[in-house]
Number of protein chains: 2
Amino acid sequence: MKRKITLKQIAKELDVSISTVSKSLRDSPEISEDTRLKVQAFAKLYNYKPNNIALSLKNRKTKTIAIIIPEIVHHFFATVISGIEQVAGENGYNVIICLSDESFDKEVINMEMLANGSIDGFIMSLSKETQSKGDFHHIIEVINQGMPVVMFDRVTNDILCDKVIIDDNRAAFDSVERLINNGFKKIAMITTVDYVSVGKLRTEGYLRALRANDVAVDENLILRIEDIDNCAEDIERFIAANKPDAVFAVNELFAVTAIKAAKKAGFDVPSDISVIGFTDGIISKYSSPSITTVSQDGIEMGGKAAKMLIQRLEMEDAEEEQEEHYRTEVIETHLVERESTTSLKKGNF
Amino acid sequence: MKRKITLKQIAKELDVSISTVSKSLRDSPEISEDTRLKVQAFAKLYNYKPNNIALSLKNRKTKTIAIIIPEIVHHFFATVISGIEQVAGENGYNVIICLSDESFDKEVINMEMLANGSIDGFIMSLSKETQSKGDFHHIIEVINQGMPVVMFDRVTNDILCDKVIIDDNRAAFDSVERLINNGFKKIAMITTVDYVSVGKLRTEGYLRALRANDVAVDENLILRIEDIDNCAEDIERFIAANKPDAVFAVNELFAVTAIKAAKKAGFDVPSDISVIGFTDGIISKYSSPSITTVSQDGIEMGGKAAKMLIQRLEMEDAEEEQEEHYRTEVIETHLVERESTTSLKKGNF
DNA sequence: TTTCAACACGAAAACGTTTGCGCGACCCTT
DNA sequence: AAGGGTCGCGCAAACGTTTTCGTGTTGAAA
């Protein structure tokens, strides 16, 4: 129950000044070998470790970065955190997690709470509510205070900062084109409402692929889910009514629900209907049939984001006046072929 | 790019002392309404917020708790974090995440790193390596320094502290007994090696249920997985060789793999083989057939853990000499019946 | 007019560090 | 013996707060 020992206490015990103790422990040449060793031995004995808070105050940096994400019980976000934590750890940074629960207010509160010296920078993905509101004042304010922000996945053009994204539009385009080239005629899409940036981009990619290949866009073949928690009936009705021969879903959940719906309607997957999902998570891997999906590497994304943030933080040290050149990194995606699609050849034929 | 404003700057601008500013902002009656309002207006204008680090240093508490878990890309742990974050937030606490990656060394490093004033307390679940080593000195040391620790799920009797667990043994016992009572004869078990505490407890529950119901234990019906990443072949061989009529798996992964293996071997689930898993995560819900499973509520577990920790932290404030009465909370589990089992009646008949 | 309370504010210590600078003691050189 | 240089250490400021304890001014009571 002994509290942690401080420089002051060591100084008192050894009857020297605090500065002498500090310098001894930092191997300053100012101090004689005698005192230095004596102090070091004593410090080791009592397991002295400098108080991080005091250091943070003095150095005006906390070596801590905050992650603000909509939710954590979500495979993709969990992998991103994992990636961030890894490179943060390698660079001596800690990681604070805040969940916005897709709520604008919580996002704001969390940011304001942490922006008062607790952390050195943010890595964040926007909540749905923030995206639909289009209100980013809290983020802009933080940036104006000179605190670096890196956004990933759910980003916005309205904010100037470093970003890490995948090319959602292109990934969707490639997948759908691949389906077209493999002879599928009625390619349905299950997507979100448009204010979710990634949903929107993936939808655009789908449409672009159809147009680029002279396939007529049939609005009936596009299902936009409002309430993600109760999408099962909608999807069942959709599949049964439209009888597509392929389904492109913008996330895992829609994909697996589509498969279940197809089975229920008497279709076999993949022989009657092929299904492609988005995000290579647990569901895609373990559902049966396992799901062909666009993989976005969350670990890599998190890692990249953390690297960008840390780089900017360390840059600040060197030259106070940093160049305000913001980068946007695009993470490669690729199609992971599994059992929910008939074998898909590459290329146009 | 204006740095955050401080009391000192406000004081200078308004030509009063720092103390006057501080007192004004905290509505001290010592200050005349005149100055008070003036200061408050100015502070509001410049969006003054007290620096958290300085407060932490002064108050000797950071309002931050650390979570140390083996991994985060794991549904159960993610739900626990979610539960912790929620009640932490409600009580004005922040949450730092550290991943041990199942490594003893990383666990130690993370704890030592944070124990130097960065946080007020720990919530943790042991890494496998720590459990197999049985070396808990880092945790004991932290506790001896007066820092509260709450352990959950993967705990140990070698440490005295608050704990939150589920009754693994009983949950397993109940599930297996339910299978027995429903007429299953060859109930196989897929489990981990014994040093994983929860695996061990669940195994014990399985054995206890067999013995309590006079079913002979057949060691051939127990499969202990060493390498969790390459368990598929082992499980396939196991199922094909032993042809059980029911399988009790100690986690989701084993359960879903068992189902796939059964299908491969030509069995139907559930009509030929019923499968019960453990942990109600994504896999159980979305695999087909969906999996009957023992649900352990991670949110509740995390919430309880956070409550216990915070309670202890606030208790410390009141009476420095806290009573060292540690509690162990047991979270209720229940069987979620889905498609991987034939309908299971309750009770003995 | 003196005394005392109330009032409004400031000085300073404290939390635990790091670090530039000053200062005394010693030794060596002329 | 006087001057200069080196060595070893302590003082104090700084990071941004909060809070205790003065202290000077005012107004009113005696």
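Predicted, not measured: the structure shown is a model, and the values here were computed from it. Order of the sequence lines sets the chain letters (A, B, ...), proteins ahead of strands, with each chain counted from 1.
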Nearest to the side chain of [X] - [options]?
X        : options                   : result
Ile31(A) : dT17(D), dC9(D), dG10(C)  : dC9(D)
Arg26(A) : dT18(C), dG16(D), dT17(C) : dT18(C)
Glu30(B) : dC21(D), dG16(C), dC15(C) : dC21(D)
Ser19(A) : dC9(D), dG10(D), dT17(D)  : dG10(D)

[Y] and [X] side chains, donor-acceptor separation under 3.5 Å:
X         : Y         : answer
Gln86(B)  : Asp101(A) : no
Ser100(A) : Ser103(A) : no
Ser32(B)  : Thr35(B)  : yes
Glu112(B) : His138(B) : no
Asp120(A) : Thr62(A)  : yes

d([atom1], [X]; [atom2], [N]) in whole Å:
X         : N       : atom1 : atom2 : result
Leu57(B)  : dT18(C) : CG    : P     : 13 Å
Lys58(B)  : dG16(C) : NZ    : P     : 10 Å
Asn51(A)  : dC15(C) : CG    : P     : 12 Å
Lys61(A)  : dA14(D) : NZ    : P     : 20 Å
Lys38(A)  : dC9(D)  : NZ    : C1'   : 11 Å
Ile10(A)  : dT17(C) : CD1   : C1'   : 12 Å
Asn116(B) : dT17(C) : CG    : P     : 9 Å
Lys12(B)  : dG10(C) : NZ    : P     : 16 Å

With a non-hydrogen cut-off below 4.0 angstrom, is [X] in contact with a base, only sugar-phosphate, or nothing?
X        : answer
Leu55(A) : sugar-phosphate
Ser28(A) : nothing
Lys23(A) : base
Thr6(A)  : sugar-phosphate

Does [N] have OP1 or OP2 sitting under 4.0 Å from an N or O in the side chain of [X]?
X        : N       : answer
Thr35(A) : dC9(D)  : yes
Lys8(B)  : dC15(D) : yes
Ser22(B) : dT18(D) : yes

Can Ser127(A) and Glu102(A) be said to form a side-chain hydrogen bond (donor to acceptor under 3.5 Å, both in side chains), step by step? CA-CA 4 Å; Ser127(A) 80; Glu102(A) 303 285 10; 5.0 Å; no
Along DNA chain C (nearest heavy atom to each residue), the more 5'-positioned of Asn59(A) and Ser32(B):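 Nearest-nucleotide comparison on DNA chain C picks Ser32(B).
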Tell whether Lys4(A) reaches the base of dG16(C) with its side chain through a donor-acceptor pair below 3.5 angstrom.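 Answer no: no donor N or O sits under 3.5 Å from an acceptor.
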Which is more 5' along DNA chain D, the nucleotide nearest Glu33(A) or the one nearest Arg60(A)? Just name the residue.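 In this pair, the answer is Glu33(A).
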